[in-house]
Enquirer: 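Submitted below is the structure of interest, expressed as structure tokens.
Nothing here was measured: the structure is a model prediction, and the numbers come from that model. Both backbone and side-chain heavy atoms feed into the values below; hydrogens, waters and symmetry mates do not. Residue numbers run from 1 in the order of the sequence given.
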Amino acid sequence: MKKFSISKTRRLRTTPFTSRLEKYGVGGYTVYNHMLLPTFFRSVEEEYEHLKNHVQLWDVSVQRQIEVYGPDSYKLIQLMTCRDLSKAKVNKCYYVPLIDKDANMVNDPLILKVEDYKWRICIADSDVIFFAKGIAGSFNLNVKVFETNISTLAVQGPKSEKLMAKVFGEKIIKLKFFNFEYFNYNNMKFMISKSGFSKQGGYEIYIDNLKSGLELYDQFIKIGNEFNLKPGCPNAIERIEGALLSYGNDMDNGDNPLECGLEKYVNLNNDINFLGKNSLLKIKSIGIKRKLMGVKIDLNEINLTQEIKLSDETNNLVGFLRSAAYSPKFKKVVGIAMINEKYWNGSNSFQLTIDDKKISGEICSLPIK
Ligand code: THG
């Protein structure tokens with residue numbers, strides 16, 4: 001097959017750190033929120049092992065932040081999500097499903113409550129800004145909605161605490177999961193949360209000043225050797241095993257939060273007001289007929305670009321495989337699939353066909369253990 005590269009234009013946005021990624025040998029990109037997101041440097045498998053044992057510096061500027069500012073900011077945020085945010089606190093992060101009037105998933109962002117009237121939605125890959133502006137306009141809300149210029153660096157892995165303490169001081173060790181605070185490095189102030197798109201622990205640094213961001217990046221690289229720091233990026237294998245969902249891959253606007261296993265973030269027994277409430281109440285009373293589950297497949301590589309049909313021995317539809325990657329831990333392909341109700345219980349096996357070859361696999365729970 002002829003090799004090609006993606007032409008970069010204004011629509012396909014670079015990040016403030018693209019020059020650094022290229023200097024340190026980025027191996028591939030995907031596009032996320034119309035922006036470049038690295039997918040690997042040397043190999044996804046090598047970086048999976050490294051992430052679980054050391055510490056990585058990620059450019060996750062693609063987690064664009066939509067700011068909702070003004071007296072009606074809570075009202076707008078709450079209209080978009082089924083998670084009760086009425087008691088949300090400043091300096092905390094909330095993982096929330098955003099849903100439309102039919103209760104279908106629009107996005108699954110992390111929301112930061114910055115001030116009483118200021119919220120930032122760190123979005124997954126869909127255009128939340130237009131959804132938010134549409135609702136603000138039709139409900140005549142007193143808010144401003146805009147995409148900020150903030151870029152995010154994530155420091156992820158078991159050695160992240162020690163590395164961060166070295167740069168920002170020991171008090172960062174006290175920062176609790178899903179809280180954020182402000183920390184100084186070299187007289188520059190950074191908002192930092194204890195969060196990130198891995199299960200290995202870590203921080204996210206929100207950078208609103210390009211120059212200080214680049215200085216910080218270079219400082220990490222300079223002092224990181226001691227902790228075996230390497231540039232990295234969200235790791236497909238690690239996030240599938242850990243059940244960190246990827247909007248547009250595992251689920252999209254055809255799925256509701258109950259089907260996506262997000263019932264923890266669904267609050268229907270109170271008087272909060274959100275767009276999808278009636279639909280979600282109906283869905284809950286009838287019960288869902290399919291849900292996201294883990295799978296293990298007897299393959300040693302896979303390149304999934306579309307969902308793949310899973311069937312049982314008698315060719316009945318089991319579900320659809322939506323994300324997959326080879327796992328060095330299980331020595332098989334692991335994946336996330338939307339599975340029909342009939343196959344939820346027990347250890348169900350299935351078959352799929354790739355390049356005219358029949359392959360078998362089994363259903364398991366999420367996270368994959
Ligand atoms: N960090 C920030 N913004 C983001 C992401 C992030 N925006 C895009 C994308 N990731 C949004 N999706 C997720 C998915 C999972 C989590 C965070 C964002 C996550 N989940 C934990 C879990 O499932 O174990 C914790 C959930 C909880 O306790 O509420 O962290 O990564 N800034």
Enquirer: If only atom types and distance count, is the side chain of Asn267 paired as donor or acceptor with the main-chain N or O of Asp84 below 3.5 Å?
Expert: yes
Enquirer: Compute both the distance and the angle, then confirm whether Lys159 meets the cation-pi test with Phe227: under 6.0 Å from the six-membered ring centre, within 45 degrees of the axis.
Expert: no
Enquirer: Stepwise, does the ring pair (Phe, Tyr, Trp, His ring centres under 6.0 Å) test hold for Tyr95 with Tyr265?
Expert: CA-CA 8 Å; Tyr95 177 51; Tyr265 313 104; 5.2 Å; yes
Enquirer: Does the pair Glu362/Lys296 count as a salt bridge with the N-to-O cut at 4.0 Å?
Expert: no
Enquirer: Is it the case that the side chain of Lys277 and the backbone of Ile272 share a donor-acceptor pair, with hydrogens and angles ignored and the cut-off at 3.5 Å?
Expert: yes
Enquirer: Would you confirm whether Glu22, through its side chain, and Gly25, through its main-chain N or O, come within 3.5 Å as a donor-acceptor pair?
Expert: no
Enquirer: Look at atom NZ of Lys162 and say whether more than 12 heavy atoms of other residues, nucleotides or ligands are closer to it than 6.0 Å.
Expert: no
Enquirer: Applying side-chain hydrogen bond (donor to acceptor under 3.5 Å, both in side chains) to Glu238 and Gln200, what does each step give before you reach the verdict?
Expert: CA-CA 9 Å; Glu238 198 272 345; Gln200 308 309 316; 2.7 Å; yes
Enquirer: What verdict does the side-chain hydrogen bond (donor to acceptor under 3.5 Å, both in side chains) test give for Tyr185 and Ser212, after you've listed the backbone C-alpha separation in whole Å, the side-chain angles of each residue and the deciding distance to 0.1 Å?
Expert: CA-CA 9 Å; Tyr185 160 69; Ser212 45; over 6 Å; no
Enquirer: Evaluate whether atom NZ of Lys166 has more than 12 neighbouring non-hydrogen atoms of other residues, nucleotides or ligands under 6.0 angstrom away.
Expert: no
Enquirer: Using the rule that Ile, Leu, Val, Met, Phe, Trp and Tyr join whenever any side-chain heavy atoms are under 4.5 Å apart, tell me whether Phe190 and Trp58 fall into a single cluster.
Expert: no
Enquirer: Verify, without hydrogens or angle tests, whether Tyr247 (side chain) and Met105 (backbone) share a donor-acceptor contact under 3.5 angstrom.
Expert: yes
Enquirer: Does Glu341 offer a backbone N or O that forms a donor-acceptor pair with the side chain of Arg290 under 3.5 Å?
Expert: no
Enquirer: Just checking Asp218: does its CG atom have more than 12 heavy atoms from other residues, nucleotides or ligands closer to it than 6.0 angstrom?
Expert: yes
Enquirer: List the steps, then state whether side chain to side chain contact (heavy atoms under 4.5 Å, CB included) holds for Phe40 with Glu46.
Expert: CA-CA 9 Å; Phe40 70 98; Glu46 190 177 319; over 6 Å; no
Enquirer: Are Lys92 and Asn179 close enough that a side-chain donor and a side-chain acceptor fall under 3.5 Å?
Expert: yes
Enquirer: Which pair of heavy atoms, one from Ser126 and one from Val106, lies closest together, and at what distance?
Expert: OG-O, 2.6 Å
Enquirer: Working note: Phe17 + Tyr217, criterion ring pair (Phe, Tyr, Trp, His ring centres under 6.0 Å); need CA distance, chi angles, decisive distance, verdict.
Expert: CA-CA 8 Å; Phe17 304 105; Tyr217 192 100; 5.6 Å; yes
Enquirer: Does Ser323 use its side chain to pair, donor to acceptor, with the backbone of Ile336 at less than 3.5 Å?
Expert: no
Enquirer: Looking at Phe320, I'd like to know if its CZ atom is crowded, meaning that more than 12 non-hydrogen atoms belonging to other residues, nucleotides or ligands lie closer than 6.0 Å.
Expert: yes
Enquirer: If we ignore hydrogens and angles and just use 3.5 Å, is the side chain of Asn316 paired with the main-chain N or O of Asp312 as donor and acceptor?
Expert: no
Enquirer: Step through the shown structure and confirm whether more than 12 heavy atoms of other residues, nucleotides or ligands are within 6.0 Å of CG on Asn186.
Expert: yes
Enquirer: Please answer whether the main-chain N or O of Ser195 pairs with a side-chain N or O of Gln156 as donor and acceptor at a distance below 3.5 Å.
Expert: yes
Enquirer: Give a yes or no on this: more than 12 heavy atoms of other residues, nucleotides or ligands lie within 6.0 Å of atom CG of Asn269.
Expert: no
Enquirer: With distance as the sole test, does Thr152 use its side chain to make a donor-acceptor pair with the main-chain N or O of Ser61 at under 3.5 Å?
Expert: no
Enquirer: Taking Asn340 for the side chain and Lys342 for the main chain, is one N or O donor matched with an acceptor at less than 3.5 Å?
Expert: no
